[in-house]
Amino acid sequence: VASRGLGDVYKRQGNHEAAWLGGGGVGKTRTLRHVVEPLAVTYFGPEGYLPTAQANHAAQQLGPRGRTIHSVNGLLATSSFVTSRLALNDASRKKIDRLKGELGVEVTDELGAVQGELLHADCLRTTYGRAQRHNLDSTQYMRPQEKWGRMPARILCGDFFQLPPVPATASMLAPPGRHSYEHHQGVALLASVPYVIDFVEMKRFEDDKQLQLLQNICLLYTSDAADE
């Protein structure tokens, strides 16, 4: 795979987004680490790949490059997700530019545990952090080819059968209701992903009874969601 210059990368067309869905053991993380990461580093350079997750433990499972969503965006656990308060100061701008300025592929794992407001904050602050380097109009950050600062490739991975974020009403699959503007923007980001890949074959488990139990659990949750 031949690398290409950054001038050919950060354009308004040709950027890709995909959602990878599937339970534990179907191969999402393995595919990221053994296929996506080496391709991204080869194609975009040593700073071309960044995997993130909502929690520290999940980020560690993504390898030495793994970071939390809060960390890579210069956010604290107590930070506000209100749009007007997501502007960058000098320190956070330098940090995001260092981590994401040369980035070609960004991944968010454990999507089911990510609040809608946090996904929106990630998109907006990534755009702010890359705007100066790549001459972007940050007011257009929700447009299809402008999201995440014109990220060439964006992958959202997760399993919505796992525990939701706290509170559960912050989940992007929560029933419609009186949610914040930022929550609705996060839901819109997920809903606008053009490609969804459903990993269905369990590779981690070999016991027939355990596989059947996991399948029954998935069917139960699917049935309950349909009833709602």
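Values in this document were obtained by computation on a predicted structure and should not be read as measured data. Numbers here are sequence positions counted from 1.
- A donor-acceptor pair under 3.5 Å is absent between the side-chain atoms of Ser71 and the main chain of Arg67, judged by distance alone.
- Of the possible polar contacts, one joining the Arg125 side chain to the Asn73 backbone as a donor-acceptor pair under 3.5 Å is found.
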Quiz item: Is there a side chain to side chain contact (heavy atoms under 4.5 Å, CB included) between Leu21 and Asp159 once you walk through the steps?
Solution: CA-CA 6 Å; Leu21 304 180; Asp159 173 15; over 6 Å; no
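- Taking CG of Leu111 as the reference point, atom CD1 of Ile155 lies at 12.5 Å (rounded to 0.5 Å).
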Quiz item: Hey, mind stepping through Ile96 and Tyr128 against side chain to side chain contact (heavy atoms under 4.5 Å, CB included) and telling me if it holds?
Solution: CA-CA 9 Å; Ile96 295 175; Tyr128 284 157; over 6 Å; no
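- In the displayed structure, Gln140 atom CD is contacted under 6.0 Å by more than 12 heavy atoms of other residues, nucleotides or ligands.
- Ion pairing between Asp97 and Lys94 fails under the 4.0 Å rule for side-chain N and carboxylate O.
- Among all heavy-atom pairs drawn from Ala59 and Ala53, the shortest one is N-CB, 3.7 Å.
- Between Leu119 atom CG and Leu189 atom CG the span is 5.0 Å, to the nearest 0.5 Å.
- The hydrophobic cluster containing Tyr181 does not contain Val82, counting ILVMFWY residues as joined when their side-chain heavy atoms lie under 4.5 angstrom apart, directly or transitively.
- When all heavy atoms of Pro64 and Arg33 are compared, the closest pair comes out as CD-NH2, 3.9 Å.
- For Thr29 and Gln61, the side-chain atoms include no donor-acceptor pair closer than 3.5 Å.
- Rounding to the nearest 0.5 Å gives a distance of 8.0 Å between NE2 of His183 and OG1 of Thr169.
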Exercise. May I have the step-by-step check of salt bridge (charged side-chain N to carboxylate O under 4.0 Å, His left out) for Glu47 and Arg98, ending in yes or no?
Key: CA-CA 9 Å; Glu47 305 300 325; Arg98 174 173 56 83; over 6 Å; no
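- Summarising the local packing, NE2 of His34 is surrounded by more than 12 heavy atoms from other residues, nucleotides or ligands at distances under 6.0 Å.
- In this structure, the side chain of Ser171 does not engage the main chain of Ala168 through any donor-acceptor pair within 3.5 Å.
- If you check the side chains of Glu182 and Thr83, you find a donor sitting under 3.5 Å from an acceptor.
- In this structure, Val196 is a member of the same hydrophobic cluster as Leu156, with clusters built from ILVMFWY side-chain heavy atoms closer than 4.5 Å.
- For Glu106, the side-chain hydrogen bond (donor to acceptor under 3.5 Å, both in side chains) criterion is met by Lys100, not counting sequence neighbours.
- Using modelled atom types, one side-chain atom of Ser92 and one backbone atom of Asn89 make a donor-acceptor pair closer than 3.5 Å.
- Side-chain contact check for Leu32 versus Trp20: some heavy-atom pair is nearer than 4.5 Å.
- Using cut-offs of 30° and 60° on the angle between ring planes, the pair His184 and His179 is perpendicular.
- No donor-acceptor contact under 3.5 angstrom links the side chains of Arg85 and Ser79, judged on distance only.
- Side-chain atoms of Thr52 come within 3.5 Å of backbone N or O of Val107 as a donor-acceptor pair.
- Here the shortest heavy-atom pairing between Ala188 and Met142 reads CB-CE, 4.1 Å.
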Quiz item: Given Leu50 and Val72, is the side chain to side chain contact (heavy atoms under 4.5 Å, CB included) satisfied, shown in steps?
Solution: CA-CA 9 Å; Leu50 179 64; Val72 298; 4.0 Å; yes
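- Met151 pairs in a side chain to side chain contact (heavy atoms under 4.5 Å, CB included) with only one of the listed residues (Gln145, His16, Glu17, Arg130), which is Arg130.
- Between Glu37 and Arg65 the shortest side-chain heavy-atom distance falls below 4.5 Å.
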Exercise. Quick one: do Phe44 and Tyr49 satisfy side chain to side chain contact (heavy atoms under 4.5 Å, CB included)? Show the steps, please.
Key: CA-CA 8 Å; Phe44 294 106; Tyr49 178 74; over 6 Å; no
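- Pairing each heavy atom of Ala40 with each of Gly48, the nearest pair is CB-O, 4.1 Å.
- The OG1 atom of Thr127 sits 11.0 Å away from the CG atom of Leu86 when rounded to the nearest 0.5 Å.
- With rounding to the nearest 0.5 Å, the separation of CZ in Arg133 from CG in Leu136 is 11.0 Å.
- A salt bridge does not link Asp122 with Lys147: none of the charged nitrogens is closer than 4.0 Å to a carboxylate oxygen.
- Across every non-hydrogen atom of Ser180 and Glu117, the tightest pair is OG-OE2, 2.6 Å.
- Judged by distance alone, with hydrogens and angles left aside, the side-chain atoms of Thr31 form a donor-acceptor pair with the main-chain N or O of Gly27 at under 3.5 Å.
- Here ring pair (Phe, Tyr, Trp, His ring centres under 6.0 Å) pairs that include residues 85-126, with residues two or more places apart or in two chains, are His120-Tyr141.
- Taken to the nearest 0.5 Å, the CG atom of Leu62 stands 8.0 Å off from the CD atom of Glu110.
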